[in-house]
Amino acid sequence: MPEIEGSPGSSMHGVTGRESVMAFSVASPMVHTDRTAKFDLPVDSEHKATVFKLFSFANPHMRTFHLSWISFFTTFISTFAAAPLVPIIRDNLNLTKSDIGNAGVASVSGSIFSRLVMGAVCDLLGPRYGCAFLIMLSAPTVFCMSFVSDASGYIAVRFMIGFSLATFVSCQYWMSTMFNSKIIGLVNGTAAGWGNMGGGATQLLMPVLFEIIKKAGATPFTAWRIAFFIPGWFNVIMGILVLTLGQDLPDGNLSTLQKKGDVAKDKFGKVLWYAVTNYRTWIFVLLYGYSMGVELTIDNVIAEYFYDRFDLKLHLAGIIAACFGMANLLARPFGGFTSDYLAKRFGMRGRLWNLWLLQTAGGLCCLCLGLVNSLPLAITFMMLFSIGAQAACGATFGIIPFISRRSLGIISGMTGAGGNFGSGLTQLIFFANASFSTEKGLTYMGIMIMIVTLPVSFVHFPQWGSMLFPPSQDIVKGSEEHYYVSEWTEEEKQKGMHQASLKFAENSRSERGGKVASAPTPPENTPNRV
Amino acid sequence: MEVPAGFLVVYLLFSCFVASSYGVYFSSLNETLIVTATPTQGQVLKAGEDQISVTWRFNQTYRAGTDSAYKTVKVKLCYAPISQKDRSWRKTVDLLKKDKTCPHKIVARPYTASNNSFTWTIERDIPSGVYFVRAFAFNAQDEQVAYGQTTNAHKSTNLFEIQAITGRHMSLDIASICFSAFSIVALAGFFYMEKRKAKGSQEK
């Protein structure tokens with residue numbers, strides 16, 4: 001290579017005036033493009049795509065994107081398929097309000113555990129197997145709805161179906177292996193957001209299926225059971241597609257690469273340790289419970305809320321409820337986009353402020369949703385709430401990839417689990433109780449969201465700063481390399497296990513924000529300098 | 001421009017409150033109809049199979065002419081308090097348009113003072129619960145003007161139980177098992193085949 005990257009005066013950023021502003025692609029002076037790799041999209045040194053071409057199905061990057069978000073979408077459809085049909089199911093099974101609330105809690109609790117496990121599975125076996133196993137093994141649980149005859153059966157089946165939400169982790173993990181960190185916010189936000197749309201699509205799909213099956217001659221108490229077969233079939237079909245068309249990494253499948261010696265196997269205990277001892281992990285676990293968590297809660301309660309409070313027909317309540325979840329189409333990618341956009345100027349600090357603002361605004365709108373008595377106002381606040389909460393989800397996963405390189409899988413899993421934990425908790429506290437009404441529950445939940453979002457101000461990166469404090473001025477401690485390589489012991493560094501983290505640290509220098517061009521940080525860190 | 005906008009919002013919100021309190025209140029109605037139904041106290045009926053025969057007539061002890069406004073009668077199946085417990089979607093509310101006590105329609109007939117009866121086969125979408133029968137008399141503006149019911153004012157006597165259908169079918173159960181088995185077998189098959197291929201490429 002003729003010139004050393006990053007040396008003073010070598011940066012070409014802004015010189016031609018044609019550098020892209022939008023985070024859809026990464027211009028080559030910013031990130032070293034690997035021109036030796038033969039892929040349909042331009043890639044970086046880790047063979048991750050640096051461009052996000054939405055309507056392409058090119059193998060492996062974009063194909064992975066589509067397989068990933070559609071499988072996640074399918075699990076959302078299955079998990080929340082019962083919610084819009086609750087007015088029928090509660091009559092068939094003679095459910096009380098606490099039965100319905102408990103079933104809602106159960107539907108999101110199973111995946112607390114499965115998301116944690118999925119993080120480890122992705123780190124060790126690869127996201128493709130993780131995803132396929134999960135959706136194909138949860139298909140039988142969806143078909144089980146035809147056997148349910150009382151409250152306990154209903155709760156048990158919703159619990160088992162809920163395990164499949166762990167595809168979230170495989171989805172995000174898969175995206176992180178395929179796309180460069182500069183665009184990861186947008187990519188992760190889009191994939192997860194479109195997956196989350198399943199929670200909205202199901203509110204539309206299930207009542208329609210129910211009506212069609214009823215028209216075909218079935219009684220209501222049988223028709224809803226038949227309707228559940230459709231999500232079950234979706235699960236099976238997506239599982240087969242993932243197995244036949246997907247691959248773990250840009251260069252191939254994990255087991256093939258591990259056997260060839262290209263990818264080093266890591267120890268679970270170590271990976272877990274570095275995830276758990278990083279305080280930032282726990283703050284995001286909490287926060288995600290009140291962005292994603294409340295989104296899941298609303299997916300479970302909102303159709304019934306509109307049906308009962310405003311006396312709407314089942315399919316109309318379903319349409320309104322669907323709008324909440326479908327806002328994910330744009331809202332979550334929007335959160336990832338604003339995260340990437342503010343990062344260009346303000347770096348990681350911009351990402352943190354972005355998250356706080358979006359999530360707090362969502363909480364405020366939730367509070368208002370519970371207070372209003374008219375249908376148009378309720379729908380308005382519901383939509384504003386959906387945008388705030390879902391964009392906050394996207395913004396969260398714009399930050400997660402930077403917390404750790406070694407333990408990305410487990411941290412994604414723990415955060416995802418935190419989302420479900422938050423959902424279970426909010427449903428238990430606010431919506432399973434016969435002593436206060438659903439509208440009061442919504443108001444209290446809004447207040448809790450605003451309070452719980454405050455800890456994001458404590459997240460501090462020595463190399464990039466936090467919401468209220470600037471980065472460390474120390475040359476060593478304030479470098480990305482120091483932060484990411486500190487997850488490896490001397491022994492491991494001697495084995496060269498930290499090379500991927502070094503590459504990542506180099507690629508992550510953009511999180512410093514607008515002052516990158518003037519910082520003369522050398523890209524190569526030879527081992528004896530670290 | 002600030003003041004009118006704020007005032008408009010407050011007015012809209014207020015009008016939402018006010019609009020919701022128009023309508024007929026149950027407590028304003030008199031029980032001028034005598035309604036009887038065939039189920040006895042505590043009897044258990046099966047949805048989709050058993051029948052209820054309802055008869056209703058005007059209570060002659062009221063002044064003649066009280067029923068001059070009555071145009072139609074709607075007979076409904078109503079939840080007893082025990083079936084409303086912990087189920088706020090079946091709540092009794094005095095304002096009749098918000099009341100959810102009697103969601104199931106049995107029959108609607110033009111009003112005549114006597115000789116009214118109807119035999120109803122319990123529909124298959126009636127949930128399990130404890131019930132009584134109530135009839136409302138409507139005027140020409142379709143507002144409730146009187147009622148009659150088979151139970152007392154506290155809704156504690158003469159209640160009967162209905163057992164719903166399960167909605168389950170043998171054919172559904174079998175289909176469910178078949179598709180589940182397919183899913184598991186297909187997954188296991190793929191996994192096994194891929195393991196074999198990977199082993200093969202490693203040995204090369």
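The chains referred to below are lettered A, B, ... by the order of the sequence lines, with proteins before strands, and numbering in each begins at 1.
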Do you know the tightest heavy-atom contact between [X] and [Y]?
X      : Y      : value
A/G370 : A/L442 : CA-CB, 3.9 Å
A/P87  : A/L314 : CG-CD1, 3.5 Å
B/S176 : A/F143 : OG-O, 3.0 Å
A/S170 : A/C122 : CA-SG, 3.7 Å
B/I126 : B/A47  : O-CB, 4.2 Å

Contact winner vs chain A - [options], heavy-atom pairs under 4.5 Å:
options                        : value
B/D86, B/D173, B/D125          : B/D173
B/I177, B/L172, B/I184         : B/L172
B/G129, B/A186, B/A188, B/S128 : B/S128

Proximity breakdown for [X] and chain B, heavy-atom pairs closer than 4.5 Å:
X      : answer
A/W233 : side chain
A/V148 : backbone
A/F228 : neither
A/F229 : side chain
A/D311 : side chain

Among [options], who wins on heavy-atom pairs under 4.5 Å with chain B?
options                       : result
A/N94, A/D308, A/N92          : A/N94
A/L95, A/L137, A/V236, A/I226 : A/L95
A/I88, A/N235, A/T219, A/V142 : A/T219

Can you list the residues that meet the side-chain contact (heavy atoms from CB on, under 4.5 Å) rule with B/V24, with sequence neighbours excluded?
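Listed in chain order: B/S28, B/L29, B/L96, B/E143, B/Q144.
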
Is chain A contacted by the side chain of [X], its backbone, both, or neither, given a heavy-atom distance below 4.5 Å?
X      : result
B/A181 : neither
B/T166 : backbone
B/K91  : neither

Under the ring-ring contact (aromatic ring centres under 6.0 Å, His included) definition, can you give me all pairs with a residue in residues 80-107 of chain B, not counting sequence neighbours?
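Sorted result for residues 80-107 of chain B: B/Y79-B/H104.
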
Taking the six-membered ring of B/Y147 as reference, does the cationic atom of B/R134 (NZ for Lys, CZ for Arg) lie under 6.0 Å from its centre and within 45° of its axis?
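Cation-pi check for B/R134 and B/Y147: passes.
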
Audit row: B/I122, B/W120, side chain to side chain contact (heavy atoms under 4.5 Å, CB included) steps and yes/no
CA-CA 6 Å; B/I122 304 174; B/W120 183 64; 4.2 Å; yes

